[in-house]
Protein chains: 2
Amino acid sequence: MKSLEQRCVEHGLSMGRKRRLIIRVLSEAEGHLSAADLHRRVVALDRSISLATVYRTLTIFEEIGVLKRLDFGDRTMRYEEADKTPHDHLLDMTDGGVVEFQAPEVAALLAEVADRLGYRLKGYRLDLYATPVADR
Amino acid sequence: MKSLEQRCVEHGLSMGRKRRLIIRVLSEAEGHLSAADLHRRVVALDRSISLATVYRTLTIFEEIGVLKRLDFGDRTMRYEEADKTPHDHLLDMTDGGVVEFQAPEVAALLAEVADRLGYRLKGYRLDLYATPVADR
DNA sequence: ATAATTGCAAATGTTTTGCATATCG
DNA sequence: CGATATGCAAAACATTTGCAATTAT
């Protein structure tokens, strides 16, 4: 699988030391990072990297399709790798945790719904809010 | 159906002139209003009503369950009446329009998906992004 | 050398808040 | 009167941007 860096080069981005560092942190990170999250981690390795750079990098990476921007309804955007298999999010209301899941049937149904309305589905955004079932 | 004002009284809110005015504008409005939208309309009737009051009113109304807060991913929150029949939103990518639709099958499927993950579905948020089909 | 990237501080845009004043019950 | 609600200006935030300085190619 192509590395983030390779994909940057393909898009004609120059690869400075700081950008490399951000890429490294991104590659090692799990889950859904906000700009502040990422900045915190990156600053731990090089305290000269500014928040503005982190924002600019995230924006660029979203534009070249390396990251996907997530919006969970609080007012901070989060990012995740774009090339993961498509999935949606279930938000655990008891602890704020995020469970990822795949549901091809859902996508199929949504496409059909859009079709009924006279539209072609280009994408969707689905977040489930749920509480864990006790017995298990 | 209970009026907004009735529901406010039930929650022990006092009903000043300005709040009544905001309620009136809200009742007559259609669709998904932002705080700025609402303020614009309200100010047309009484230019002494501040944006802060509009925000405070929206927050209160959401807390007492009269309004539902919507987040379409741009960074301004919108509100709609909470007691409308449940529905989701399809966003027309060509003109930014919002089409509301009902899809009980979707809700049913989502509940089942949550169940498979060991959760009980409490709510969800679904936005479809789509383009109109030309021929029709 | 030329173009891309960055830090900093200032600017944005939305929403919230402290406090004194006005209004409600 | 005591409790709420409001206006105003300032504060909070997340995010973006202008510009001069640094780094990449």
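Lettering follows sequence order; numbering is per chain, from 1. Because the structure is predicted, anything quoted here is derived from the model rather than measured. For the numbers below, each heavy atom of this structure counts, side chains included, while hydrogens, waters and symmetry mates do not.
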A.B. asks: Tell me, please, which residues at least two apart from K68(A) pass salt bridge (Lys or Arg N to Asp or Glu O under 4.0 Å).
C.D. replies: E80(A)
A.B. asks: Holding to side-chain contact (heavy atoms from CB on, under 4.5 Å), I want the full list of residues that pass it with Y55(B), two or more places apart in sequence or in another chain.
C.D. replies: A35(B), L51(B)
A.B. asks: Angle between the end axes of the helix from dA1(C)-dT25(D) to dG25(C)-dC1(D), five pairs per end, to the nearest 10 degrees?
C.D. replies: 20°
A.B. asks: Please walk me through it: do E81(B) and R7(B) pass salt bridge (charged side-chain N to carboxylate O under 4.0 Å, His left out)?
C.D. replies: CA-CA 12 Å; E81(B) 287 185 44; R7(B) 303 188 56 180; over 6 Å; no
A.B. asks: Can you pull every protein N or O that's under 3.5 Å from an N or O on nucleotides 3-5 of chain D?
C.D. replies:
from, atom 1, to, atom 2, distance (Å)
dT4(D), O3', S14(B), OG, 2.9
dA5(D), OP1, S14(B), N, 3.0
dA5(D), OP1, S14(B), OG, 3.4
dA5(D), OP1, R19(B), NH1, 2.6

A.B. asks: Any ring pair (Phe, Tyr, Trp, His ring centres under 6.0 Å) involving residues 98-118 of chain A? Give me the pairs, sequence neighbours left out, ordered by first then second residue.
C.D. replies: none
A.B. asks: Using modelled atom types only, decide if a donor and an acceptor are shared between the side chain of H39(B) and the backbone of I49(B) within a distance under 3.5 Å.
C.D. replies: yes
A.B. asks: Mind listing the N/O atom pairs, protein and nucleotides 14-20 of chain D, below 3.5 Å?
C.D. replies:
from, atom 1, to, atom 2, distance (Å)
dA14(D), O3', R75(A), O, 3.2
dT15(D), OP1, M77(A), N, 2.8
dT15(D), OP2, Y55(A), OH, 2.4
dT15(D), O5', Y55(A), OH, 3.3
dG18(D), O6, R56(A), NH1, 3.4

A.B. asks: Which hydrophobic side chains are connected to M93(B), either touching it within the sub-4.5 Å cutoff or through other members that do?
C.D. replies: L70(B), F72(B), L91(B), V98(B), Y129(B)
A.B. asks: Got a sec, which pairs hit salt bridge (Lys or Arg N to Asp or Glu O under 4.0 Å) with one end in residues 26-44 of chain B, sequence neighbours left out?
C.D. replies: D37(B)-R40(B)
A.B. asks: Among residues at least two apart in sequence or on other chains, which ones pass side-chain hydrogen bond (donor to acceptor under 3.5 Å, both in side chains) with T94(B)?
C.D. replies: D92(B)
A.B. asks: Between atom NE2 in H39(B) and atom P in dT16(C), what is the gap in whole Å?
C.D. replies: 15 Å
A.B. asks: Grab the CD1-P distance between I23(A) and dT6(C) for me, whole Å please.
C.D. replies: 10 Å
A.B. asks: Output the rounded distance in Å from CD1 (I49(B)) to P (dA22(C)).
C.D. replies: 17 Å
A.B. asks: Rounding to a whole Å, what distance do you find between I22(B):CD1 and dG7(D):C1'?
C.D. replies: 12 Å
A.B. asks: Rounded to the nearest Å, what distance is computed from the CG atom of residue L21(A) to the C1' atom of nucleotide dT23(D)?
C.D. replies: 15 Å
A.B. asks: How close or far is atom P of dT14(C) from atom CG of D74(A), stated in whole angstroms?
C.D. replies: 18 Å
A.B. asks: Go through the structure and list residues passing side-chain contact (heavy atoms from CB on, under 4.5 Å) with A114(B), not counting sequence neighbours.
C.D. replies: L90(A), L128(A), Y119(B), L121(B)
A.B. asks: List the residues meeting side-chain contact (heavy atoms from CB on, under 4.5 Å) with D71(B), not counting sequence neighbours, and say none if there are none.
C.D. replies: D71(A), M77(B), R125(B)
A.B. asks: Residues two or more places apart in sequence or in another chain: which of them pass side-chain contact (heavy atoms from CB on, under 4.5 Å) with T85(A)?
C.D. replies: Q102(A)
A.B. asks: Give the rounded distance in Å between these two atoms: CD of E63(B) and C1' of dT15(C).
C.D. replies: 14 Å
